[in-house]
Number of protein chains: 2
Amino acid sequence: MTTTEAASQLLSIGEVAGRTGLSVHALRFYEREGLLVGPVQRTSGGGRRYTSFDVDWLLICVKLRASGMPLADLKHFAELVRQGPGNEAERLRLLDAHRQRVDAQIQALEECRSVIAWKVGVYAEHLARGKAGGLWDPTA
Amino acid sequence: MTTTEAASQLLSIGEVAGRTGLSVHALRFYEREGLLVGPVQRTSGGGRRYTSFDVDWLLICVKLRASGMPLADLKHFAELVRQGPGNEAERLRLLDAHRQRVDAQIQALEECRSVIAWKVGVYAEHLARGKAGGLWDPTA
DNA sequence: CTACGATCTGGAGCAAGGTCTAGATCAAGT
DNA sequence: ACTTGATCTAGACCTTGCTCCAGATCGTAG
């Protein structure tokens, strides 16, 4: 717990892929695109070593992406964090705007869901009746 | 109400774009891709005339697309409807599978939303304090 | 030493879902 | 007749977000 303390936290790209769900390709791509807060450490041989810090950031990225944030916004956010303290208001704006978009998206999805559920119900009923009813709307 | 009855229901591509939210480009694209149930009527001059039937279908398409259904699935659905009665079970499967995906998506989004909301809260609190606290985690 | 798997770089390729252009035509207004 | 605006077709082009390839290198196991 003394010598390995810092080094054991450093993860290879494959390990990071494993715990973030991103592919190694995507990880390198994200780095090229400037989506990481800082430069990734390297071994003497040139291999990437990610800190748990990097991994936490990536996990946030994954969440934001999963909720539809474009890479461009993610990059912007990374830049703000990279610049250090002083721009918290802008970070807040960015995140809050995204949260509102997510809320809207949830709303929209729930509306879609109910429309679909209704249609599913119509089909299910139709099938349950064994296609007995002759007047069946072909558009549905 | 007698002579104009049928004709007044027929809409130009621009009008349909207006009430579906799709661009005229997208409408032509959808048609090329076989996403419509039937062929669209034409004027003598070659202009498209959409029935209210077509519009209803397009509105459904918009909802399904908005909830993330890929065009390929939409095309499949259109084919099933085009084939007429007899395949309702498959239509049901298709829609129900999509509904389940939408449910999962809503779940995921709500999880993201709460993570984001929490982060927004952290920033808001930080700003409210006027950056008084010296110990501020730069990663957040 | 050798083989093998993981990683490296730079750049090409891909899938989805449209978007836009060019050049022609149509329909209506002045 | 002439202009204007909407539409037509076929096809090129675009953006997003990765994914994959080639060829080289590193590190560990036998």
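Proteins get letters first, then strands, A, B, ... in listed order; numbering begins at 1 in each.
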(request) Quick one: label B/R49 by what it contacts on the DNA or RNA (base, sugar-phosphate, nothing), any heavy atom closer than 4.0 Å. (result)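 The residue B/R49 makes no contact with any strand.
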
(message) According to side chain to side chain donor-acceptor pair (under 3.5 Å), does anything in residues 61-73 of chain B pair up with another residue at least two apart or in another chain? List the pairs.
(response)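 Counting only pairs at least two positions apart or across chains, the side chain to side chain donor-acceptor pair (under 3.5 Å) contacts touching residues 61-73 of chain B are A/E111-B/K63, B/S67-B/H98.
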
(request) Quick one: which residue pairs count as a side chain to side chain donor-acceptor pair (under 3.5 Å) with a foot in residues 44-56 of chain B, not counting sequence neighbours? (result)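 For residues 44-56 of chain B: B/E31-B/R48, B/T51-B/D54.
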
(message) What residues from residues 103-113 of chain B pass a heavy-atom cutoff of under 4.0 Å to DNA chain D?
(response)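 Heavy-atom contacts with DNA chain D come from no residue of residues 103-113 of chain B; none.
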
Please report, rounded to the nearest Å, how far the [atom2] atom of [N] is from the [atom1] atom of [X].
X     : N      : atom1 : atom2 : value
A/L27 : D/dG17 : CG    : P     : 16 Å
A/E33 : C/dG11 : CD    : C1'   : 13 Å
A/L11 : C/dT7  : CG    : C1'   : 15 Å
B/H76 : C/dA16 : NE2   : C1'   : 19 Å
A/Y30 : D/dT16 : OH    : P     : 14 Å

(message) I want to confirm an ordering. Mapping B/A72 and A/I13 to their closest nucleotides on DNA chain C, which one lands closer to the 5' end?
(response)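 Final value for this comparison: A/I13.
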
(request) For A/R32, enumerate each residue passing the salt bridge (charged side-chain N to carboxylate O under 4.0 Å, His left out) test, keeping only those at least two apart in sequence or located in another chain. (result)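 Here no residue qualifies.
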
(message) Test of understanding: with salt bridge (charged side-chain N to carboxylate O under 4.0 Å, His left out), list the residues that count as partners of A/R99, not counting sequence neighbours.
(response)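 Residues passing salt bridge (charged side-chain N to carboxylate O under 4.0 Å, His left out) with A/R99: A/D96.
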
(request) Provide the full list of salt bridge (Lys or Arg N to Asp or Glu O under 4.0 Å) pairs with a residue in residues 16-25 of chain A, sequence neighbours left out, each pair given once. (result)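 Counting only pairs at least two positions apart or across chains, no salt bridge (Lys or Arg N to Asp or Glu O under 4.0 Å) contact touches residues 16-25 of chain A.
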
(message) Determine whether a donor-acceptor pair (N or O, by modelled atom type, separation under 3.5 Å) exists between the side chain of B/E88 and the backbone of B/G86.
(response)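 Looks like yes, one N/O pair under 3.5 Å.
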
(message) Once side-chain hydrogen bond (donor to acceptor under 3.5 Å, both in side chains) is applied, do any residues pair with B/Q41, and if so which ones, sequence neighbours excluded?
(response)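 Residues passing side-chain hydrogen bond (donor to acceptor under 3.5 Å, both in side chains) with B/Q41: none at all.
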
(message) Under 4.0 Å from OP1 or OP2 of D/dT9: is there any side-chain N or O of B/R48 that close?
(response)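 Yes, within the criterion.
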
(message) Taking 4.0 Å as the cut-off, does a side-chain nitrogen or oxygen of A/R65 come that near to OP1 or OP2 on D/dG17?
(response)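 Looking at the OP1 and OP2 atoms of D/dG17, one of them is under 4.0 Å from a side-chain N or O of A/R65.
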
(message) Across nucleotides 19-28 of chain D, 5' to 3', mark each nucleotide with B, S or - according to how protein heavy atoms within less than 4.0 Å reach it.
(response) BB-----SS-

(message) Applying side chain to side chain contact (heavy atoms under 4.5 Å, CB included), can you list everything that pairs with B/S114, at least two apart in sequence or on another chain?
(response)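 None.
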
